[in-house]
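Have a look at the structure below before the remarks.
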Amino acid sequence: NAGVTQTPKFRVLKTGQSMTLLCAQDMNHEYMYWYRQDPGMGLRLIHYSVGEGTTAKGEVPDGYNVSRLKKQNFLLGLESAAPSQTSVYFCASSYSPLPLHFGNGTRLTVT
Amino acid sequence: QQPVQSPQAVILREGEDAVINCSSSKALYSVHWYRQKHGEAPVFLMILLKGGEQKGHEKISASFNEKKQQSSLYLTASQLSYSGTYFCGLSAGGTSYGKLTFGQGTILTVHP
């Protein structure tokens, strides 16, 4: 059972470039989330989804977009990357909607 | 508003006890505790719902004081495997779904 899988694990972007992070879960969870983690800041919610075809803004949504076309996948997009988006990104999913099951993270560096 | 965890870091010898506190300025519905080892994903430890009930997980337990808007995580007879960063996540309940607001984390290091 894979749980929550994030791809890629590492990525380096130049300022202004775009990219998409993929999160896939095989637990049939309704709820999915994207968090970012920065030193001394804990985890901050970017966007979340309460079901296929739905998305909503979290605490720090600016500069990011998301899509949930299939129940098992939740995509996080950066249209024009900025150095302030250098972070570790965690995807999570849940059933009820808690507790959260986290993926192993994507380390993104924007130069 | 982000909950405040204290202390920021704790260093223990195996077998010693520790307490990690999590305080909020907002009314709480539930408190969630996660542990993250270096380079890994956070892992769920326990949830405490409104009502103050103390939950346990092996030698790790927690309490939730609604009046004080505070939760405490108790680690007794610590083991090397307890090392990591502990996060509390707070939910306001209602339509907030899984919108947890996490504290900044407490780094726990257990030495032999």
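Proteins get letters first, then strands, A, B, ... in listed order; numbering begins at 1 in each. Hydrogens, waters and symmetry mates are skipped; everything else that's a heavy atom, side chains included, is used.
With a 6.0 Å radius and a threshold of 12 heavy atoms from other residues, nucleotides or ligands, A:E79 has its CD atom at or below the threshold. No more than 12 heavy atoms of other residues, nucleotides or ligands lie within 6.0 Å of CD in B:Q8, so this atom counts as exposed by the packing criterion. More than 12 heavy atoms of other shown residues, nucleotides or ligands fall within 6.0 angstrom of atom NZ in B:K37. Open room surrounds CZ on A:R107; 12 or fewer heavy atoms of other groups in view lie less than 6.0 Å from it.
Interatomic distance, CD of A:Q37 versus CZ of B:F87, reported as 4.5 Å (0.5 Å rounding).
In this structure, B:P42 and A:L43 approach most closely via the heavy-atom pair CG-CD1, 4.0 Å. A:G103 and B:A41 make their closest contact through O-CB, 2.8 Å (heavy atoms, listed as atom of the first residue, atom of the second, distance).
For a residue to count as touching a neighbouring chain, one of its non-hydrogen atoms must lie under 4.5 Å from one of that chain's; by this rule B:Q36 touches chain A with the side chain only. In this structure, chain B has no heavy atom under 4.5 Å from any part of A:Q6.
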Exercise for review: Let me see the working for A:F102 and B:F44 under ring-ring contact (aromatic ring centres under 6.0 Å, His included), right down to the final yes or no.
Suggested key: CA-CA 9 Å; A:F102 285 90; B:F44 169 74; over 10 Å; no
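Annotation: side chain of B:Y34 is in contact with side chain of A:L100 (closest heavy-atom distance under 4.5 Å).
Panel note: side chain B:Q2, backbone A:M41; a donor-acceptor pair is recorded below 3.5 Å. Remark: side-chain polar atoms of A:Y33 are not paired, donor with acceptor, to backbone N or O of B:L100 under 3.5 angstrom.
B:I107 is not connected to B:Y86 by any chain of hydrophobic side-chain contacts under 4.5 Å among Ile, Leu, Val, Met, Phe, Trp and Tyr, and they are in different clusters. Cluster membership for A:M32 and A:V60, using ILVMFWY side-chain heavy atoms within less than 4.5 angstrom, is shared. Hydrophobic cluster membership is shared by B:I20 and B:V110, with clusters built from Ile, Leu, Val, Met, Phe, Trp and Tyr side chains linked at under 4.5 angstrom.
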